[in-house]
Structures are given as C-alpha cells and as structure tokens.
Amino acid sequence: VIEKGTPDKSVVTTCAYCGVGCTFRAEMRGEDLVRMVPWKEGKANHGHSCVKGRFAWGYAQHRDRILNPMVRSSVDEPWREVSWDEAIAHVASEFRRIQSSYGTRAIGGITSSRCTNEETFLVQKLIRQGFGNNNVDTCARVCHSPTGYGLKTTFGTSAGTQDFDSVEQADVVLVIGANPTDGHPVFGSRLKKRLREGAKLIVVDPRRIDLVRSPHIEAAHHLPLRPGTNVALLTAMAHVIVTEGLVDETYVRERCDGEAYAEWAAFASDPARSPEAIEDLTGIPAADVRAAARLYATGGNGAIYYGLGVTEHSQGSSTVMAIANLAMATGNVGKPGAGVNPLRGQNNVQGSCDMGSFPHELPGYRHVSDSATRALFEADWGTVLDAEPGLRIPNMLDAATDGTFKGIFIQGEDILQSDPNTKHVAAGLAAMECVVVQDLFLNETANYAHVFLPGSTFLEKDGTFTNAERRIQRVRKVMEPKNGYADWEVVQLVANAMGLDWTYTHPSQVMDEIARLTPTFAGVNYDVLDERGSVQWPMNAAAPEGTPTMHIDHFVRGKGLFVVTDYVPTDERTGPRFPLLLTTGRILSQYNVGAQTRRTPNEAWHAEDRLEIHPHDAENRGVRDGDWVSLRSRAGETTLRALITDRVAPGVVYTTFHHPDTQANVITTDFSDWATNCPEYKVTAVQVAPSNGP
Ligand code: SF4
C-alpha cells in the first residue's frame with residue numbers, strides 16, 4: 001500500500017529521477033510522507049507524472065540506507081561507525097597527507113547529477129578552492145559529455161535549444177537514439193499527443209521503439225540502422241539536403257559562418273556520402289534515407305530529440321555536430337517548434353554541467369584557462385585558481401594505477417557500476433590511498449572506499465535542479481535529513497576541516513553566489529523561483545524573463561558553425577567469434593542501475609533484465625524464449641534470459657541494465673568518444689549461446 005492516511009500539509013518539490021523535471025506536491029501527515037501528487041502548475045509536467053516520480057520514493061525510508069559515517073584503514077577490514085566529527089576530520093587529514101606526500105594534484109572528486117545545483121557548485125568549489133586543482137568530473141562523462149562538446153562547438157553553448165512546450169509547434173519530429181516513452185515518459189506523452197494531432201515522425205534507432213507504431217501513431221519513417229553508423233546516416237541525409245537544393249540559403253547566409261558552411265556543403269555533397277553509397281554500411285535502403293531527409297527539410301518546423309544512442313559512441317561528439325549541421329542547414333534552430341534537444345538522463349545532469357563539473361570548465365562553461373573568468377572567481381573566493389585543466393574520470397583512474405593519483409571524493413555516483421570496463425575502475429580505486437564515497441546506500445564503489453559518508457535524499461534538502469530544457473526549479477525540504485546533514489552541509493564540513501572558511505547557512509546563499517559569478521544565472525534567486533515557479537537560463541538583464549528558445553537572433557557563439565563530420569568506423573568489430581552487436585536501453589518503471597527503484601514497489605514491475613534477440617538469431621543458436629543465455633564480449637561475460645522479438649533486427653541484440661546481476665558493464669569495451677572519452681556503451685560485439693543459468 002503506497003497511499004495511506006490523510007495529509008495535513010504539502011510541500012512543492014521536484015522529481016529526482018529523470019531530466020523531464022516533473023514537480024509534485026509532497027503530501028505529509030506529521031513527519032510522514034503520505035503521497036506525491038503531480039503539481040498542476042508545474043511547467044515541465046502540467047500536472048502529469050510517470051510511475052517513478054509518483055510511486056518510487058520509498059527508497060528514502062528504506063532500511064538499507066546508511067545513516068552513520070563509517071571509516072576503515074583498509075578495504076579488507078570491517079567498517080567502523082564513527083561520529084560525523086571524526087569522519088570529517090579523517091577525510092581532511094587524509095587528503096592533506098596525500099597532498100603533502102604526492103602533490104596538490106594527487107586528489108580530486110566527482111560531482112553527482114542526482115544532487116542539487118548548489119551541492120554540485122560546492123563540490124567543484126571545494127576541489128578548485130580547497131584542493132587547488134581542476135580534478136573534477138561528473139557522470140555526464142559517461143552520458144552527455146559529447147552534447148557538451150558538440151553543441152558548444154556548433155552553437156556556442158551546451159544546452160537544448162527549446163522548452164518542452166515547443167513540441168506543440170513541431171511539424172516534423174526526428175527522434176534519434178532516444179526512447180522517450182520509456183526514458184522520459186512525461187515528455188514522451190506530450191510528443192505522442194503532438195503526433196496524434198498530425199506532426200510527422202522520423203525515428204532513427206536500431207530497435208523498433210514504441211513510438212514507431214502505437215495506437216493512432218505510425219512513424220513516417222523508421223530507419224533501423226546498424227549500431228555505430230549514426231554519422232554516416234546523418235551525413236547521407238545532409239547529402240540529400242545539399243544536393244537536392246533543400247538548404248535554407250537565407251538562414252545559412254544570415255546566421256552561419258559562410259566559410260565553414262561552404263567547406264561542409266562540399267564535403268556533404270560528395271557522392272561517397274550519398275544514401276546509395278552507405279546503404280550496405282547502415283543497412284538502410286537509400287530511398288528511405290532520401291525520403292526522411294526530404295521530409296525533415298521541407299515538412300515545416302523540424303525538431304530533433306536525441307538521447308544516449310547518439311552520445312555513447314566513439315563518434316558521439318561527431319554525431320551531435322552532424323545533428324546540429326542538419327538543423328542549421330534547414331533553418332531549424334532559434335524558433336519555437338524546431339531545434340536540437342538532448343533528452344538528458346538524470347534529473348540534474350544539465351545542472352551539474354552548468355555548475356562547472358568538468359575539469360576544463362568553471363561554472364557557466366567558461367574555460368579554466370580564461371584569465372578574466374578566473375579573476376572573477378579568485379576575487380570572490382580569495383584564492384588563486386589552477387589554470388590547467390584537470391583530470392577526467394578515466395584519466396583519474398589511469399593516474400591512480402600509475403601511482404600519481406591517490407585520493408578521491410565521490411558524491412552520489414556509483415562509478416564501479418556505471419562506468420565502462422569494471423576491471424579498470426576497480427584497479428584504479430584499489431590503487432588509491434583514500435576513497436571517500438558519499439551515498440544513500442553502500443553501493444558497489446563503496447567496496448573500495450575507506451570512508452563512507454551517508455547521503456541525504458531529495459526529500460531532505462533545499463536547493464534547485466535544472467531539467468533538460470534549462471528550467472531551474474526548486475527542491476524543497478519535506479523532512480529532516482535522516483543522516484543528520486543535507487549533502488551541501490557535508491561538503492561545507494569537509495571544506496572547513498581542510499582550512500576554508502565557508503559560512504553558508506542555507507542553499508539560497510549558494511545560489512546567490514552562482515548568480516554573482518555566472519552571467520547566464522545572473523537573474524536567478526530563490527525569491528524569483530518561489531514567485532514564478534521556475535525559470536529557464538539564460539536569465540539576466542538581457543533576458544529578464546528567462547529563455548525558452550535559444551539562439552533566436554544569433555547563436556551564442558555569434559555565427560553558427562558547420563563542422564565536417566567524417567564517418568570513422570568504431571574499432572569494435574564483429575567477426576566469427578562475436579557476430580552480433582549489443583545495444584542497451586531503459587524501461588519505464590526502472591531507473592539506471594536501479595539503486596532507488598529496486599527499493600520501492602516498482603521492483604515488482606521489472607524483475608530482471610532480458611536479452612532481446614531476433615527470431616532468426618535465436619533459432620540459429622537453439623535458443624527459445626525465456627531460456628538462459630550467456631552473453632560474451634571480448635571484455636567479459638554475463639548471463640540473462642532471452643526474449644525473442646522482431647523489435648530488434650537480425651544481427652542486433654538489446655538489453656536493459658537496471659539489475660546489478662546483469663553486470664552490463666562487465667562486457668562493454670574500452671572504446672570511447674574521440675573528443676570527450678564518453679564510453680561507447682551502445683556498440684559491443686558479442687556472442688550469444690544457450691546457458692544453464694548463472
Ligand atoms: Fe520523474 Fe521523469 Fe517520471 Fe517526470 S517523467 S515523474 S521527472 S521520472
């Protein structure tokens with residue numbers, strides 16, 4: 001029973017699952033949360049929600065939560081519960097010891113995209129001001145870092161160009177590498193409504209996602225391309241648009257860099273990049289590519305929505321830029337109903353990127369080498385900042401195994417489960433002298449930790465999240481932290497134990513500091529958020545009402561930049577031993593590795609991950625529906641049950657990754673995006689064989 005009792009008060013707050021950012025009334029009776037009711041005034045959800053936000057909050061009171069700090073001198077020893085004072089003093093003395101023995105840059109940290117903007121800002125401040133380096137990274141490294149690189153390069157800033165409301169003015173919707181009805185359900189429902197009203201749909205996905213065919217919806221085109229060939233397909237669409245005279249010449253002339261456009265147009269029009277030339281590579285008939293390109297270019301307002309099927313590739317950044325090229329060539333950026341819109345996974349992954357969680361960028365996407373920006377922060381913080389970019393997560397792990405990186409503070413991120421090549425992550429963590437993990441539960445990464453600091457849930461803190469449409473919304477404290485402190489308070493305790501002098505008494509003061517130091521947030525404060533419900537950045541003197549649609553008169557970088565995106569095959573190849581390609585995705589009721597949803601009633605709705613396999617591939621291997629199969633790659637092996645379906649094409653298999661037993665990252669490869677190191681989770685060559693089970 002989830003809903004019980006009669007509430008006597010309610011608090012409006014924001015869902016802590018996905019990047020849609022639905023708002024809810026948390027209804028309380030006394031100190032007990034009774035139910036979560038979707039908030040009608042919520043601008044991201046307009047009173048709607050999915051099962052996760054509505055029902056999957058029981059983890060906040062789950063018995064598995066760790067409520068007391070714990071330390072141990074070696075990972076072979078049992079944990080010892082200690083007071084907060086002892087734990088914080090231990091963390092500070094260990095980090096100081098490491099720095100005096102191995103140098104300032106021997107420690108770093110990872111921010112959490114599940115935590116608030118204010119908490120993320122403070123973690124990067126702790127690292128930059130307290131540790132004295134830029135060794136800070138975030139989970140976006142393994143999901144949307146190519147969005148950061150690609151959209152910043154082409155448009156000038158790393159953010160979706162539209163608000164969700166804009167979909168109501170779209171005439172043609174191109175969904176690529178995303179499954180909105182499962183991954184971003186409330187937006188998925190809005191999209192379906194628009195499609196039922198008559199907007200045309202193009203889906204680019206190796207798998208037949210629900211959107212392709214559902215009641216009253218039939219995609220105009222489904223292009224089930226071979227995994228790993230996004231860039232070739234998008235460039236072939238560009239070829240059609242350029243060679244058939246479908247470019248919006250006026251837009252390109254007025255809004256884009258002419259020299260870069262000319263170079264790109266010459267590249268795209270090369271016959272080697274035509275749909276016919278790449279037919280065998282992608283597996284998509286040339287006529288289908290031509291028809292889809294014509295529809296996108298001529299069908300009216302064209303809106304592109306994409307997800308991790310775009311970014312988690314060795315050419316993730318190139319794919320994002322290929323998408324941006326298509327949108328600029330057709331004049332589809334800077335007006336409602338159009339645009340380029342990354343569907344962000346985690347509730348605050350947009351915010352964690354905005355807040356300077358990257359080793360090369362201060363808050364607001366300003367490079368650490370920019371002396372004017374550094375001077376602004378230095379004057380405010382009274383510290384000299386490091387001008388050298390720091391280490392990304394994989395580089396921290398490499399440096400640890402090399403013996404030059406010795407300590408890490410990981411807030412709300414289970415890198416052993418979520419990052420590629422589990423063996424490499426484990427080796428890096430094992431080589432460190434002080435691993436500090438802050439989380440709700442003893443996660444897999446905590447097996448390698450020396451200090452465990454209990455985390456607080458979104459129900460136990462004040463702050464803000466920023467959703468996929470750049471909408472900043474309040475998170476409000478519904479109950480006192482069961483562990484004693486909100487996460488932002490813990491960061492402040494660590495900072496002050498390391499000799500800093502922070503005096504924040506409420507997250508609103510952190511937001512005031514963010515606004516003071518970040519031009520795109522200059523007009524944001526808690527009074528405005530309370531009054532308006534939410535605002536979309538940039539919000540400042542130039543945009544006092546916030547910015548639902550970006551790049552209206554000009555791109556943030558000035559002229560939009562076309563980038564030549566040559567297709568480069570992944571190094572992950574199929575062959576006689578590994579003939580199938582594995583790709584992965586999510587299901588509606590579960591969330592990522594399931595740490596939260598598996599501790600709620602949602603657990604019953606998706607008891608295990610299954611391997612989707614085409615009937616021909618199953619028959620060739622003697623596999624029947626429901627059989628156990630072994631799934632083996634060059635990196636490792638796991639076991640799960642088969643689900644025979646023609647949703648996947650022959651040669652392609654698919655699984656979700658919500659259950660720890662699946663251990664999907666045991667079999668993923670070391671390959672990553674050329675620009676950002678985002679792992680290539682979406683293409684793994686595998687073999688499938690009958691098995692007796694785990
Ligand atoms: Fe939460 Fe996303 Fe579901 Fe909305 S769609 S309730 S933000 S998980």
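Atoms within each ligand, like the ligands themselves, are counted from 1 in listed order. Model, not experiment: these values are computed from the prediction. Along the sequence shown, the residues carry numbers beginning at 1.
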**Asked** Between F358 and Y365, does the ring centroid distance fall short of 6.0 Å?
**Response** no
**Asked** Any side-chain heavy atom of M28 sitting closer than 4.5 Å to one from V478?
**Response**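 Of all side-chain heavy-atom pairs linking V478 with M28, at least one is under 4.5 Å.
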Residue [X] vicinity, atoms of ligand 1 by number, heavy atom under 4.0 Å:
X    : value
P185 : 5 (S)
G21  : 7 (S)
Y17  : 8 (S)

**Message:** Under a 3.5 Å distance rule, please check whether N677 uses its side chain to pair with a backbone N or O of S672 as donor and acceptor.
**Reply:** no
**Request:** For a side-chain hydrogen bond (donor to acceptor under 3.5 Å, both in side chains) with E168, tell me which candidate from R190, K193, R194 qualifies.
**Result:**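 In the set R190, K193, R194, the residue that makes a side-chain hydrogen bond (donor to acceptor under 3.5 Å, both in side chains) with E168 is R190.
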**Item:** Ring-face cation of R599 near F441 (centre distance under 6.0 Å, axis angle within 45°)
**Value:**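 Here R599 passes the 6.0 Å and 45° test against F441.
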**Asked** atom 7 (S) of ligand 1: which of G53, G42, C50, C22 has the nearest heavy atom?
**Response** C22
**Request:** Return the residue, atom name and 0.1 Å-rounded distance of the protein heavy atom closest to atom 1 (Fe) of ligand 1.
**Result:**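 Residue, atom and distance for the closest contact: C15 SG, 2.4 Å.
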**Request:** Taking both backbone and side-chain atoms into account, decide whether C18 has an N/O/S atom under 2.8 Å from atom 2 (Fe) of ligand 1.
**Result:**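 Of the N, O and S atoms in C18, at least one lies under 2.8 Å from atom 2 (Fe) of ligand 1, which means yes.
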